[in-house]
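Here the structure comes first, spelled out in structure tokens, and everything after it is commentary.
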Protein chains: 2
Amino acid sequence: MAVSAKTLKTLGRPRGFDMDQALDRAMEVFWRKGYEGASLSDLTEAMGINPPSLYAAFGNKEGLFLKVLDRYQAGPGNYLEQAMSAPTAREAAERLLYGAVEGQCSQAKPGGCLLVHGALPPGLGAIQEELQSRRTAAAQVIRKRFERAKDEGDLPRDVDAGDLARFVFAVVGGMAVQAAGGVKKRELKKVADMAMKAFPT
Amino acid sequence: MAVSAKTLKTLGRPRGFDMDQALDRAMEVFWRKGYEGASLSDLTEAMGINPPSLYAAFGNKEGLFLKVLDRYQAGPGNYLEQAMSAPTAREAAERLLYGAVEGQCSQAKPGGCLLVHGALPPGLGAIQEELQSRRTAAAQVIRKRFERAKDEGDLPRDVDAGDLARFVFAVVGGMAVQAAGGVKKRELKKVADMAMKAFPT
DNA sequence: TTCGTTCTATATCTATTGCTACAGAACTCC
DNA sequence: GGAGTTCTGTAGCAATAGATATAGAACGAA
């Protein structure tokens, strides 16, 4: 949670709504309906503001979505980075998988992962590319953690870090698909259990 | 490929376009842009017909999509059923995973799986529910195959067929997400390799 | 107070969405 | 040849999409 500087010399009329709260509301809408499915009316209504305020603050719908993505990855989606700080590769994978279960099945939030079902199919141009690049970036983070593990000796040298990362990431993505469809947390945990059986010793 | 009866007594003016070909064209559009992203103009242009012909033949956009889904599962997506006819559970899982790699990475077709990224987030109502129910149906098919395998003795009795099916299905879904983003076939095969390491002996 | 700036609210713009009315064309049956 | 039926093409419908013009309200600085 980034603490906004409270007393920043503002010029002109101060903003009448709370930025972070508005972003959270918008996040929920995008999360629940996807980028295309979320209309400006949906967004402005949920955020409690009018279109001109939205455009003044975020530029356009796409700009708002990007801000929402940042906030998502720093908030509900930060189980990735949290997991990477685990002492060993195996523990990192475990924390990632079970963290994904929690993050994708929270009752308070919509199911699934915003980075996955915000917009999957190509053809949305910039939005799709942005999400795709963030997903590959996430996979790279995992790969680098595994490579470090090889250097540190807690992962066999003959393991391909990229392949292993892609596998773990695929399971996370697959769980997101199922979570979006309402699969229960208990069942997803079993998926994570099984995935860990494939983890090299 | 369903062979249409050529000489069926038709009443009135005969249809001026080929149904199956039009469905294939529509499938590609939906596959590439998702349900919402595919506009009527996109569809009619690709199908080479005008809106009234589309509505006369399929009712509406949703009806067209359902017909396309049927054709997808019978065509590019039929690697599921093909895999289930394998003699053992292990072989069925293998054929499913590697079949998914082929089906989702074909160069001739768009990447990914239509059932996954046709429409993921809820909020699209009927469409989302339809896709979700088809996905769970697919998972059930796998589960039943594994249960049969338990009866036939090629899968240990203490294995939960449902959990195993969900795991395999999650990997397939995760691969679809990655394939939609352009991951190469060679890399996805490695994901399938790793998944098989978790398969009970 | 007055100015310059920045935000907000109402009302609306244009383009596109999914969809259809209508008239005519193409077929079978009689 | 009609009569009856079904398809096709043109043109356009109402609704909604994303985005804005405009006027006024709320602030700090002078």
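Proteins get letters first, then strands, A, B, ... in listed order; numbering begins at 1 in each.
- Neither side chain, Tyr72(B) nor Asp24(B), offers a donor N or O lying under 3.5 Å from an acceptor on the other.
- The closest donor-acceptor contact from the side chain of His117(A) to the backbone of Trp31(A) lies under 3.5 Å.
- The CZ-P distance, from Phe58(B) to dT20(C), rounds to 16 Å in whole Å.
- Atom CD1 in Ile49(A) sits about 21 Å away from atom P in dA25(D), given to the nearest Å.
- Mapping Arg15(A) and Arg13(B) onto DNA chain C via the closest heavy atom, the residue that lands nearer the 5' end is Arg15(A).
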#### Entry: Audit row: Tyr98(A), Asp193(A), side chain to side chain donor-acceptor pair (under 3.5 Å) steps and yes/no
CA-CA 9 Å; Tyr98(A) 294 106; Asp193(A) 290 343; 2.3 Å; yes
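- For the pair Phe17(B) CZ and dT6(D) C1', the interatomic distance rounds to 12 Å; values are reported in whole Å.
- In this model, the phosphate group of dC27(C) is not approached by any side-chain N or O of Thr10(B) to a distance below 4.0 Å at OP1 or OP2.
- Residue-environment remark: NZ (Lys67(A)) stays at or below the threshold of 12 foreign heavy atoms within 6.0 Å.
- Taking the six-membered ring for Trp and the full ring otherwise, Phe167(B) and Phe146(B) have centroids separated by 6.0 Å or more.
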### Task
Would you give a per-nucleotide map of nucleotides 16-22 of chain D, 5' to 3', where B means the base has a protein non-hydrogen atom under 4.0 Å away, S means only the sugar-phosphate does, and - means neither?
-SSBBB-
### Task
Could you walk me through whether Arg166(A) and Gln178(B) pass side chain to side chain donor-acceptor pair (under 3.5 Å), step by step?
CA-CA 9 Å; Arg166(A) 248 187 306 274; Gln178(B) 301 204 17; 4.9 Å; no
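- A sub-4.0 Å separation between OP1 or OP2 of dT8(D) and a side-chain N or O of Asn50(B) is absent.
- The separation between Leu54(B) atom CG and dC19(C) atom C1' is 10 Å, rounded to whole Å.
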